[in-house]
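Structure first, commentary second.
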Amino acid sequence: MIINQLTIHEAHEQLKARQLSSVELTKACLERINQTEPKVHALVTVTDELALKQAQKADQLIARGNTHPLTGIPVIIKDNMCTKGIPTTCSSKMLQNFIPPYDATVVEKLNNCGAVIMGKANMDEFAMGSSTEHSAFFPTHNPWDPSRVPGGSSGGSAVAVAADETIYALGSDTGGSIRQPAGFCSVTGMKPTYGRVSRYGLVAFASSLDQIGPLTKDVADCAIVLNAIAGFDNRDSTSVPEPTPDYTQYLTADLSGLVIGVPKEYFVQGMQKEVETAMQAAINRLEELGAKVDWEVSLPSTPYALAAYYIIAPSEASANLARYDGVKYGFSFTDTDSMWEALEKTRQFGFGDEVKRRIMLGTHALSAGYYDAWYLKAQKVRTLIRREFDQAFEKYDVLVTPTSPTVPFKIGEKLDDPLQMYLSDVCTLPINIAGLPAISIPAGFGNGLPIGMQIIGKPFSEETILKVAYAYEQATEWHKRKPQV
Amino acid sequence: MNYETIIGLEVHAQLLTKSKMFCRCSTDYASAPPNTHVCPVCLGMPGVLPTINQQAVEFTVMTALALNCTISDYTRFDRKNYPYPDLMKGYQISQSYAPFGHHGWLTIEANGEKKRVGIDNVHLEEDVAKLIHRTSPGGESYSLVDVNRAGVPLMEIVGEPDLRSPEEARQYLMKLRSILQYLGVSTANMEEGSFRCDANISIRPQDSTDLLAKVEVKNMNSFKAVYRALEYEAERQRKRAAEGKKLAQETRGWVEERGITVAQRSKEYAHDYRYFPEPDLAPLVLNREWVEAIRSKLPELPEARRDRFVAEYNLPLYDANLLTSSILMADYFEACMRGAPQKSAKPVANWIIGEFSRLLNATNTGINDSKVGPVALFDLVQLIHEGSISSTSGKSVLEEMFHTGKSADDIIKAQGLSQISDTEAIEREVMAVIRNNAQAVADYKAGKKQSLKFLVGQVMRATRGRANPTVVNELLEKKLEEG
């Protein structure tokens, strides 16, 4: 047994049975980090001392009979979630020295469960990107092929899980930032319904699209983590006061009676053959498991989602990132006589190119004379896309699509072509636009590179998604494969 | 050519909530050290989110109702984007597309006539931090930021350009202030900055609808400043127009010490605020029943109270208007009148509006901060009314009460001021005055009746104002006829 390869539920059983201590588990993960980090560069900060302290505390809790499934289990947090006393950089020069005096709600919740925080994961700067190449510090490498990207923006979180540096991780997803790297790294990643998980303490990229979710080694773990982080938070007025069920109760292998739709617009031009083949096989497998599949679903507004997304997200970002002015915290350019020059230079040198590109896009889309043509139009498209999903969910329990049209691409391959990079999220971003929950689970390999399947549900139907994902996972072995690092 | 003046006012009022608009920090920062009433939310730190202060929403809806606005069923907040070091997030959470109230009005009295002034909208936003500009001993200028004020709920009342003179503008502001104070939603104190006013002013040729350039005037910190600035600005614009010069559309600042407005920035360089819906706050759907419940709980407003004062206390409209212009003065009046007969109302009103107000204004004292409570004032008015002291003595007694806090009774006793109605004592003085003023007596007898006034004055002087003037008059006339 390699203990850092355990899932949450496996590790929990051993901790409960006192066959393993949290300190041992944590040390195994820290050792693995030492071994693999030079190759994958998934982490921005490793909090080894804190982790060991938390592990000792967790062992005491377990000794006293505390049996929360996350007690004593190591976790890696994407570096855009505020951690009190621990640097939270968003992989940006702007926040390189920023240490929040507060915890994000999800971090607080994990701490209350007795979690062991091992460090903070690398990401595309301010979550803007699909490859983790836009980190201001270093790119993260895909453990399945270090010359390739791990996806993004939660690339560090996905790699930390895939390379068994941690038992699970938290990511954030604005247009696919959990699901696409989960697909690229062959792990399970879920974006919950917008409003399901509190955003308090998540450094905002696009407020109406951002959502925190788990990256795990299997579907059962995903349910466990979602149980811990979901729920209304009075500090986030966009979080929803819906009751949260115990998601682990829905993990059954039988799909009979379930109706699955396959929207044809998601099998886009430019999709790689091996992805298409893998998807067909995966959906056939779902049918064998008892589900009824309709291959001819149409969501005709899908082709406009990308354009709408790249107006709405940058518009919100242009305001969200206005607070980084060098006055209160973070990077500050001070070698100047003028306040305005200091502000300009702070932002000129503090932000990377992709961030600046999106701030400019958003500023333009909101400008007088352009607002109606860009921002308002995009909002109308958003309404259309939502409505089409609502209609589809009158007939189907879930929709199934590939997570990304391609397998992981080469580092540097799309760096100079933003549009090609944006297309990597073409299957995931409509789901954020509609605020829906969706999961990516391992669904095969093409030339040794991972392929993810996306399962989409209606709002607040995470349990249905988990059920389908679990049934598929139990019938396949993809999630058990490990990369050679 | 004759020009008409067109004025519209935008008023910002800080709301009297306990906590800030979007976080739990206290709003009671007036005497707090800088940056002590702050938290990650009002500091605009990464990852934090706003939550709406319900009390502020209720206050805004109350105000909108009191200003006869239509209340929006669906409202939401928007982001107003502009960079400035007093703005923690780089945007202000405000309302542009769906304010709480719209299309209201309030009534002012101008030239003795009632006039309705339109209210475009009433909306809610957050205050910004305070910048303190300093110069170092080395001559370097720098600014300090105090974030205590940032995030305090700020209600904006946007008036229609219905005002036609600085006087109307003054009436409008006073009325608005009085309504906010009656509602208890704001201290509405201009000098303390809880009530701020920006003015849009332009002129247009009489009988024309073409406005000349619209000028925004800022930096007026008192009612008087608003009046003076608008008077100056209207005159400046007329002069320029008369000289055939072009008027620029611009923002001008009032310079109090010099009594002038100066150009600040041209509208061509105006900000594009890039308003868009605040994605961190869900839209609010206002429940009709909730709104109606607020409407039914609205307190008595200045006009209703004025009408009641006329009906209940039989006061002249003028007095009732003055008394009810400030809720504190109206409350004070009613406290004086508690248990008193209706006939005391007029003398009590006279003393409050007259001598008492003069003392308050001269010493810049709030009516509730003075040493003369309503009961003490009523007692004084009673003593005068009963004839125990003359109203002339009353003034000096009130002044003494005002400065020392002693009762009228004590002061009268200590100074021997009680009025002399004893005929014998007055008669002695009357005879003395007749003896010592032979010329005036002769004039009177020769038919010069004004001389009587002089002689009455002499008696009053001799009694140091304590003689009852009616008795003095009667006695003098009688003695002169006799003698």
Side-chain angles (χ1 to χ4, degrees), chain A residues 80-82 88 90 94-95 98 100-102 104-105 126 195 198-204 206-210 233-240 312 315-316 318-325 327-330 337 339-340 342-344 347 362-371 375-376 379, chain B residues 22-24 35 38-54 57 76-94 96-97 129 131 133 139-145 147 150 270-284:
Chain A
N80 60 352
M81 288 171 231
C82 288
T88 298
C90 291
M94 192 61 97
L95 290 178
F98 176 63
Y102 47 93
T105 297
F126 284 102
S198 169
R199 292 186 295 118
Y200 186 85
L202 169 69
V203 180
S207 313
S208 75
L209 302 161
D210 296 341
D233 177 12
N234 62 15
R235 287 178 294 186
D236 175 2
S237 30
T238 63
S239 72
V240 175
I312 294 167
S315 292
E316 292 179 9
S318 72
N320 282 332
L321 273 64
R323 69 192 64 197
Y324 307 111
D325 58 7
V327 175
K328 305 170 289 277
Y329 43 74
D337 295 329
M339 176 194 92
W340 293 111
L343 174 68
E344 277 174 28
R347 293 169 69 78
T363 305
H364 175 73
L366 292 173
S367 293
Y370 296 97
Y371 181 84
Y375 184 81
L376 264 192
Q379 290 294 3
Chain B
F22 298 115
C23 65
R24 291 179 182 170
N35 298 314
V38 295
C39 74
V41 175
C42 58
L43 281 166
M45 299 196 73
V48 299
L49 296 170
T51 47
I52 297 170
N53 182 329
Q54 276 214 0
V57 171
R76 62 163 197 239
F77 288 92
D78 301 297
R79 290 185 182 178
K80 178 181 182 178
N81 296 287
Y82 65 95
Y84 209 67
D86 65 3
L87 194 55
M88 294 300 108
K89 301 184 293 297
Y91 59 86
Q92 181 189 34
I93 304 179
S94 180
S96 168
Y97 299 108
L131 295 182
H133 304 290
E140 206 183 19
S141 65
Y142 62 100
S143 301
L144 300 169
V145 188
V147 187
H271 282 299
D272 174 2
Y273 291 119
R274 304 192 306 281
Y275 280 103
F276 75 103
E278 166 57 279
D280 284 335
L281 295 170
L284 294 174

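Proteins get letters first, then strands, A, B, ... in listed order; numbering begins at 1 in each. Note: hydrogens, waters and symmetry copies are ignored here, and every other heavy atom, side chains too, is used.
Most heavy-atom pairs under 4.5 Å with chain A: of the set B/V145, B/V48, B/L87, B/V147, this distinction falls to B/V48. Interface remark: of the candidates A/A368, A/G369, A/S318, A/A319, A/A319 forms the most heavy-atom pairs closer than 4.5 Å to chain B.
Across all their heavy atoms, B/P279 and A/S207 have their closest contact at CG-CB, 3.6 Å. Scanning all heavy atoms of the two residues, the minimum distance from A/F98 to B/P46 falls at CZ-CD, 3.5 Å. The two residues A/N234 and B/T51 have their closest heavy-atom pair at O-CG2, 3.2 Å. Closest non-hydrogen pair, A/T238 versus B/D280, comes out as CG2-O, 3.5 Å.
Residues that satisfy the side-chain hydrogen bond (donor to acceptor under 3.5 Å, both in side chains) test with A/D233, not counting sequence neighbours, are A/T105, A/S198. Taking A/V240 as the reference, A/E242, A/F460 meet the side chain to side chain contact (heavy atoms under 4.5 Å, CB included) condition, with sequence neighbours excluded.
Taken from CD in A/E316 to CZ in B/F276, the straight-line distance is 5.5 Å, to the nearest 0.5 Å.
In this structure the side chain of B/I52 never reaches within 4.5 angstrom of the side chain of A/S237, judged on heavy atoms. Within the 4.5 Å cutoff, the side chain of B/C39 has no heavy atoms near those of the A/Y102 side chain. For the pair B/S143 and A/M339, the minimum side-chain heavy-atom distance is 4.5 Å or more. Taking the side chain as every heavy atom from C-beta outward, B/P83 and A/L343 approach each other to under 4.5 Å. A heavy-atom distance below 4.5 Å is found between the side chains of A/K328 and B/M88. With a 4.5 Å cut-off on side-chain heavy atoms, A/R235 and B/V41 do not count as touching. A heavy-atom distance below 4.5 Å is not found between the side chains of B/Y275 and A/L366. Contact of the A/Y375 side chain with the B/P277 side chain is registered, since non-hydrogen atoms from C-beta on lie closer than 4.5 Å.
Proximity to chain B (any heavy atom under 4.5 Å) is restricted, for A/L95, to the side chain, taken from C-beta onward. Neither the backbone nor the side chain of A/P100 comes within contact range of chain B, judged by heavy atoms closer than 4.5 Å.
Side chain to side chain, B/R274 and A/Y371 fail the donor-acceptor criterion of an N or O pair below 3.5 Å.
Atom OH of B/Y84 is surrounded by 12 or fewer heavy atoms from other residues, nucleotides or ligands within 6.0 Å.
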Worksheet item: Taking it one step at a time, do A/N320 and B/R79 satisfy side chain to side chain contact (heavy atoms under 4.5 Å, CB included)?
Response: CA-CA 10 Å; A/N320 282 332; B/R79 290 185 182 178; 2.8 Å; yes

